[in-house]
Asks: 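This is the structure I have questions about; it appears just below.
Residue numbers start from 1 in every chain, and the chains themselves are labelled A, B, ... in the order their sequence lines are given, proteins ahead of strands.
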Amino acid sequence: MTAPDDSLPTTYDAAATEAAWYPRWTEHGVFTASPEEAATHEPFVIVIPPPNVTAVLHMGHGLNNTVQDVLIRWRRMAGDAALWVPGTDHAGIATQNVVEKQLAAEGQSRFDLGREAFVERVASFVDRTGGEILNQLKSIGSSADWSRTAYTFSPELSRAVRETFVRLYEDGLVYKGHRVIHWCPRCGTSLSDEEAEFTETAGKLYHLRYPLASDPTQGITVATTRPETMLGDVAVAVNPDDERYQALIGQEVVLPLNGVRIPIIGDSYTDPAFGSGAVKITPAHDANDFEVGKRHQLPMPVVIDAEGIVREVDGAAGRVPEALRGLDRADARKAILPLLEAAGALVKMEPHQHSVRHCYRCDTVVEPRLSDQWFVRMQPLADKALTALRSGELRILPERWEAVYVNWLEGIRDWNISRQIWWGHRVPVWYCTASCGHAPIVSRTDVAACPGCGGAVRQDEDVLDTWFSSWLWPFSTLGWPDETPDLKAFYPGDVLVTAPEILFFWVARMVMSGCWFMGKAPFHTVYLHGTVRDMQHRKMSKSLGNGIDPLDVVHLYGADALRWTMVAGLGLGVDVMLDPTDLEKSFAPGRNFCTKLWNIGRFLLSRVGTDPVTPVSALPSASLTAADHWILERLDAAIADCDAALGPARPANGATWTEAERSRGLRLSEYAEAARRFVWNELADWYLESVKPRLNAEGADREVARAVLAHAFDGALRLLHPVVPFITEALWQQLPQTADGAMLARAAWPVARGGSRDEAKAFEIVRDAVAAIRQVRAEYNVQPGVWVDALLVAPDGTQAMVIPQVDTVGALARARVQAASANPGGAAAQVLLTSGVEVVVPLAGMIDLAKERQRLDGELAQLEKQLTALEGRLANEGFVAKAPPQVVEAERAKAAEWRGRAQQLRTKREALGNG
RNA sequence: GGGCGAAUAGCUCAGUUGGUUAGAGCACCUGUCUUACACACAGGGGGUCGGGGGUUCGAGUCCCUCUUCGCCCACCA
């Protein structure tokens with residue numbers, strides 16, 4: 001027998017443990033998964049939401065990747081071929097912006113460098129500093145298969161992007177469109193609808209009066225939030241049913257400031273109830289006006305250029321007054337108002353609350369701009385994505401997001417995929433520079449010469465939206481478009497873990513591309529977790545300065561403490577609140593849990609020692625005490641609770657979710673709580689305490705206790721490993737039955753063994769009794785140094801119960817519970833347990849009879865109140881007639897039991913007399 | 001403007017098809033440095049389940065309505 005007290009340090013050293021174990025896991029290939037493994041094991045695949053290649057780890061990543069790691073470690077232990085594919089996104093606009101900012105600091109712009117040199121510069125920047133975030137993910141324990149690290153701009157994935165563009169073009173789903181799109185004048189590129197985010201803004205509504213050409217004393221008033229765009233007006237639209245204006249339709253008005261004559265037209269787009277009921281039409285600078293302009297074949301003069309400068313750009317000769325030319329659109333708005341006022345055109349201004357679109361990358365106000373862009377026709381793709389959800393092939397948790405997903409897909413609009421930036425996948429389209437009239441060439445491979453005339457070609461200048469590569473992620477990372485073994489083994493994947501913010505940007509589009517190109521949705525479950533917020537419920541962000549650096553937390557308390565804190569607080573779809581000003585307080589739950597677990601382990605392992613233990617399955621049932629049966633039963637229950645909380649890993653029929661399954665699982669906080677309760681409140685608080693004396697004595701019973709202790713702790717560590725991988729691995733390695741080279745990270749997920757429930761119940765009585773004794777002690781202020789005796793009296797009131805080990809557990813409460821055959825006489829506190837067992841604590845010299853009477857009166861009153869309610873229910877004919885028989889039966893039995901207990905209490909009370 | 005969701009203890013949240021005395025963690029109060037752990041142990045207080053109405057033998061749970069918050073979408077000139 002050995003008891004190496006010094007085998008584990010007294011305090012948990014997170015840094016040393018993490019530094020020691022992460023490399024060992026990777027060296028042993030613990031995180032890798034191969035197609036060969038998938039042939040014999042059920043594959044379980046998660047693809048990482050690829051962080052921007054230049055990103056720095058923040059709490060959102062911490063949360064997102066912890067969730068993925070918990071799931072992947074759980075399935076890996078459960079025996080799946082668990083694959084977590086990591087990688088990064090080249091993040092077109094975002095990355096280009098970073099490098100442009102560097103250039104600006106050097107007094108340069110990308111145009112000074114030229115396209116080729118600029119792209120080279122970005123690429124080398126990415127080579128040098130990119131992907132650091134993946135190393136940061138390792139430091140929080142992420143168990144991705146790093147050998148597969150992918151990058152959306154790698155040659156392999158770029159090939160997939162081209163294949164996709166060309167195939168969609170061939171399918172008639174990619175086309176070039178001429179229309180008003182969202183334009184960021186700062187980034188110098190178009191944006192998709194999703195990239196142009198609405199911000200509620202307090203603006204003004206300007207009422208402008210345009211005089212009639214035929215009679216300048218008459219006029220029509222229009223309302224606008226952007227007066228500077230009046231320079232590009234080509235019409236005034238009124239509702240054809242609006243009686244106020246019907247007579248004016250067909251007449252002309254004269255634009256103030258530039259004198260251009262424009263018609264008054266009738267178009268049902270105009271809402272008579274809004275503003276003045278007349279709308280100025282500026283087709284080049286407003287998406288709606290563009291539609292009106294098309295309907296009425298109006299000219300489309302452009303008066304604001306790509307940089308947001310007001311000037312006569314296109315078809316706008318004579319429209320912009322000298323005084324306004326060259327002004328930024330914001331300055332132009334300020335400058336045009338006095339001019340309009342002087343011209344008598346400014347009727348009034350009123351405050352106006354409206355939503356204005358901003359660039360999601362730089363927050364610049366988006367400018368609607370008329371231009372040529374590549375679009376994807378989304379309707380056919382969206383139909384498939386809707387079918388995937390409706391058929392049960394796909395589910396979204398929390399379920400309320402399914403309605404949002406459906407809502408968006410049903411109203412889907414075509415996707416603008418071209419960007420006027422340089423960092424990204426170039427549009428694979430070439431144009432003949434000679435005028436041989438050859439159609440644009442859309443090609444999988446680079447084109448050197450015009451197939452028509454053999455002349456020179458030039459490639460389309462635009463690059464593709466960064467999401468046009470990330471929407472392929474679930475299969476491009478597995479080798480698509482080639483039919484690789486990886487693709488066959490690991491597509492479709494299982495769970496996609498992300499935040500709701502990118503449901504449309506990314507998740508819905510992945511479903512669309514997966515259904516379209518692979519014929520199957522890329523995963524069966526979308527898990528949308530909450531957002532990390534501060535104590536004022538504000539989202540953590542760089543600009544607010546309310547962020548927490550996960551690496552700070554790792555350094556202070558360890559990765560496990562970080563992970564535990566987040567997972568324990570992670571109800572389904574619930575936001576995680578953390579206080580950036582008080583890391584100590586925020587991460588105390590994780591740190592405290594790790595410390596407690598370490599102390600449990602240190603003490604338990606020192607008592608179990610290093611000698612081999614008997615497998616629990618080899619122990620004769622009769623050799624087990626009630627406590628042993630109880631803790632084994634609790635372990636079974638904990639396993640069942642954890643399994644139920646984590647839920648089915650995939651649909652039971654392998655293809656589609658049934659209604660019953662659909663909302664189950666992925667309750668990470670419930671899983672963590674179930675595991676915590678077992679190791680802390682059951683194993684440590686009760687079993688470990690009850691088993692101490694057995695471990696101190698030599699003999700067979702000591703071996704039983706060692707075996708059960710080791711088994712229970714082993715089970716606890718397995719259950720906890722996905723959340724707190726480092727500390728559990730370090731402790732598990734110290735268990736006597738751990739084989740050399742074995743790793744908890746690859747150990748089997750526990751399975752309930754099924755034990756004797758009845759045997760376990762005997763220990764529940766001990767627990768209740770101890771609790772009752774503690775209560776009595778607290779109530780009567782029995783000093784800690786003073787020991788009390790207690791009797792356990794069986795329900796029939798005559799026979800005292802003898803319960804093994806009760807003395808030990810009693811010691812916990814500084815009380816000895818003894819079996820006794822005679823009434824001790826004298827004053828005693830008496831507590832009736834729900835099991836019917838009565839606990840009698842003789843408190844000679846200590847008991848205050850008045851207080852005990854009061855206590856019993858209170859207990860009796862409470863019981864009688866409940867009994868009255870219960871009997872009232874049973875007397876209710878409706879209840880007896882209509883409630884399910886088993887419910888009525890249960891209520892009757894309960895009433896009988898309570899009557900008995902009340903009678904017992906009354907007897908006790910009478911014995912005390914009336915002081 | 002359209003759609004969705006939420007309101008339960010001081011805080012963050014559970015509460016499965018209506019059916020025992022509405023739970024957990026944290027926080028709070030009281031006691032304890034009990035030989036693994038004060039980052040711990042033991043005990044305790046605290047909720048008319050947002051307001052009102054309805055269905056039912058029975059409502060935190062179902063229906064209506066009001067109030068307040070949140071989210072998504074939108075051609076808010």
Asks: Taking C-beta and beyond as the side chain, do Lys294(A) and Met300(A) meet within less than 4.5 Å on heavy atoms?
Replies: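 With C-beta onward as the side chain, the pair touches.
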Asks: Closer than 4.0 Å, any side-chain N/O of Trp686(A) to the OP1 or OP2 of C41(B)?
Replies: no
Asks: Quantified in whole Å, what is the C1' atom distance between nucleotide U68(B) and nucleotide G50(B)?
Replies: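 So the two C1' atoms sit 8 Å from each other.
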Asks: On the side chain of Glu689(A), is there an atom forming a donor-acceptor pair with the base of A36(B) - under 3.5 Å, no angle test?
Replies: yes
Asks: Taking the side chain as C-beta and beyond, is there a heavy-atom pair between His358(A) and Glu195(A) under 4.5 Å?
Replies: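 No, side chains not in contact.
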Asks: Under 3.5 Å between N/O atoms: give me all the protein pairs with nucleotides 69-74 of chain B, atom names plus distance.
Replies:
none

Asks: Quick one: the dot-bracket string of RNA chain B, using Watson-Crick and G-U wobble pairs with both distances under 3.5 Å, [ ] for crossing pairs and | for bases paired to another strand.
Replies: (((((((..((((.....[...)))).(((((.......))))).....(((((..]....))))))))))))....
Asks: Using atom P in both nucleotides, what's the gap between A22(B) and C49(B) to the nearest angstrom?
Replies: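 To the nearest whole Å, 11 Å.
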Asks: Distance check, P atoms only: C62(B) and U17(B), in whole angstrom units.
Replies: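 Straight-line distance between the two P atoms is 8 Å.
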Asks: Given the C1' atoms of A36(B) and C29(B), what is the spacing between them in whole Å?
Replies: 27 Å
Asks: Any base atoms under 4.0 Å from Asp271(A), or only sugar-phosphate, or nothing? Heavy atoms, all strands.
Replies: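 Base contact.
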Asks: Within residues 662-671 of chain A, find the residues that approach RNA chain B with a heavy atom at under 4.0 Å, and present them sorted by residue number.
Replies: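 Under 4.0 Å from RNA chain B: no residue of residues 662-671 of chain A.
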Asks: Do the side-chain N or O atoms of Gln353(A) get closer than 4.0 angstrom to the phosphate oxygens (OP1, OP2) of C76(B)?
Replies: no
Asks: Answer with yes or no whether the side chains of Arg873(A) and Asn876(A) bring together a donor and an acceptor at under 3.5 Å.
Replies: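 Looking only at side-chain atoms, Arg873(A) and Asn876(A) do not form any donor-acceptor pair under 3.5 Å.
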Asks: Which residue pairs pass the salt bridge (charged side-chain N to carboxylate O under 4.0 Å, His left out) test when at least one of the two sits in residues 222-235 of chain A, sequence neighbours left out?
Replies: Arg226(A)-Glu228(A), Arg226(A)-Glu367(A), Glu228(A)-Arg333(A), Asp233(A)-Lys280(A)
Asks: By the 4.0 Å heavy-atom rule, please label Ala287(A) as base, sugar-phosphate, or nothing.
Replies: nothing
Asks: Using the closest heavy atom to pick a nucleotide of RNA chain B for each, name whichever of Phe879(A) or Ala278(A) lands nearer the 5' end.
Replies: Phe879(A)
Asks: Can you confirm whether Glu350(A) sits close enough to His207(A) that some side-chain heavy atom of one is under 4.5 Å from a side-chain heavy atom of the other?
Replies: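 The answer is yes, as the side chains (C-beta and beyond) meet within the 4.5 Å cut-off.
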Asks: If you compare every side-chain N and O of Arg607(A) against the phosphate oxygens of A36(B) (OP1, OP2), does one of them come in below 4.0 Å?
Replies: yes
Asks: For Glu877(A), what residues pass the salt bridge (Lys or Arg N to Asp or Glu O under 4.0 Å) criterion, not counting sequence neighbours?
Replies: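 Salt bridge (Lys or Arg N to Asp or Glu O under 4.0 Å) list for Glu877(A), sorted by chain: empty.
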Asks: Does His537(A) place a side-chain N or O at less than 4.0 Å from the phosphate oxygens OP1/OP2 of U12(B)?
Replies: yes
Asks: Evaluate the side chain to side chain donor-acceptor pair (under 3.5 Å) criterion for residues Thr229(A) and His285(A): first the C-alpha distance (whole Å), next the side-chain angles of each, then the deciding distance (0.1 Å), finally the verdict.
Replies: CA-CA 7 Å; Thr229(A) 62; His285(A) 300 288; over 6 Å; no
Asks: Say you pick atom P in G45(B) and the same atom in A24(B); how far apart are they, in whole Å?
Replies: 12 Å
Asks: C1' atom, U61(B) versus G18(B): distance in rounded Å?
Replies: 6 Å
Asks: If you look at every strand shown and take non-hydrogen atoms under 4.0 Å, does Leu870(A) touch a base, only sugar-phosphate, or nothing?
Replies: nothing
Asks: Can you see if the side chain of Lys585(A) gets near the phosphate of C26(B) - specifically, an N or O under 4.0 Å from OP1 or OP2?
Replies: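 So the side chain of Lys585(A) is outside the cut-off, no N or O lying under 4.0 Å from OP1 or OP2 of C26(B).
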Asks: Check step by step if ring pair (Phe, Tyr, Trp, His ring centres under 6.0 Å) holds for Tyr360(A) and Phe505(A).
Replies: CA-CA 12 Å; Tyr360(A) 87 135; Phe505(A) 273 116; 5.2 Å; yes
Asks: Is it the case that the side chains of Asn416(A) and Arg179(A) hold a donor-acceptor pair, with the cut-off being a distance below 3.5 Å and no angle test?
Replies: no
Asks: Is Lys596(A) side chain donor-acceptor paired with the C37(B) base, going by distance under 3.5 Å alone?
Replies: yes
Asks: Could Lys894(A) and Trp898(A) be counted as a cation-pi pair, given that NZ or CZ must be under 6.0 Å from the ring centre and within 45° of the axis?
Replies: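 Lys894(A) over Trp898(A) ring: yes.
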Asks: Which is true for Ala684(A) with a 4.0 Å heavy-atom rule: it touches a base, it touches only sugar-phosphate, or it touches nothing?
Replies: base
Asks: Without placing hydrogens or testing angles, list every side-chain donor-acceptor pair under 3.5 Å for residues 570-578 of chain A, not counting sequence neighbours.
Replies:
unit_1    : atom_1 : unit_2    : atom_2 : d
Asp575(A) : OD1    : Thr531(A) : N      : 2.8
Asp575(A) : OD2    : Arg533(A) : NE     : 2.6

Asks: Using the P atom as the point on both nucleotides, what is the distance between U12(B) and C57(B), in whole Å?
Replies: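 Rounded to whole Å, the distance is 39 Å.
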Asks: Just checking, Arg395(A) and Trp657(A): is the charged tip under 6.0 Å from the six-membered ring centre and within 45° of the axis?
Replies: yes
Asks: At 4.0 Å (heavy atoms only), tell me whether Trp680(A) reaches a base, stays on the sugar-phosphate, or touches nothing.
Replies: sugar-phosphate
Asks: Within 45° of the six-membered ring axis of Trp415(A) and under 6.0 Å from that ring's centre, is NZ or CZ of Arg509(A) located there?
Replies: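 Yes, a cation-pi geometry holds between Arg509(A) and Trp415(A).
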Asks: P atom, G51(B) versus U56(B): distance in rounded Å?
Replies: 23 Å
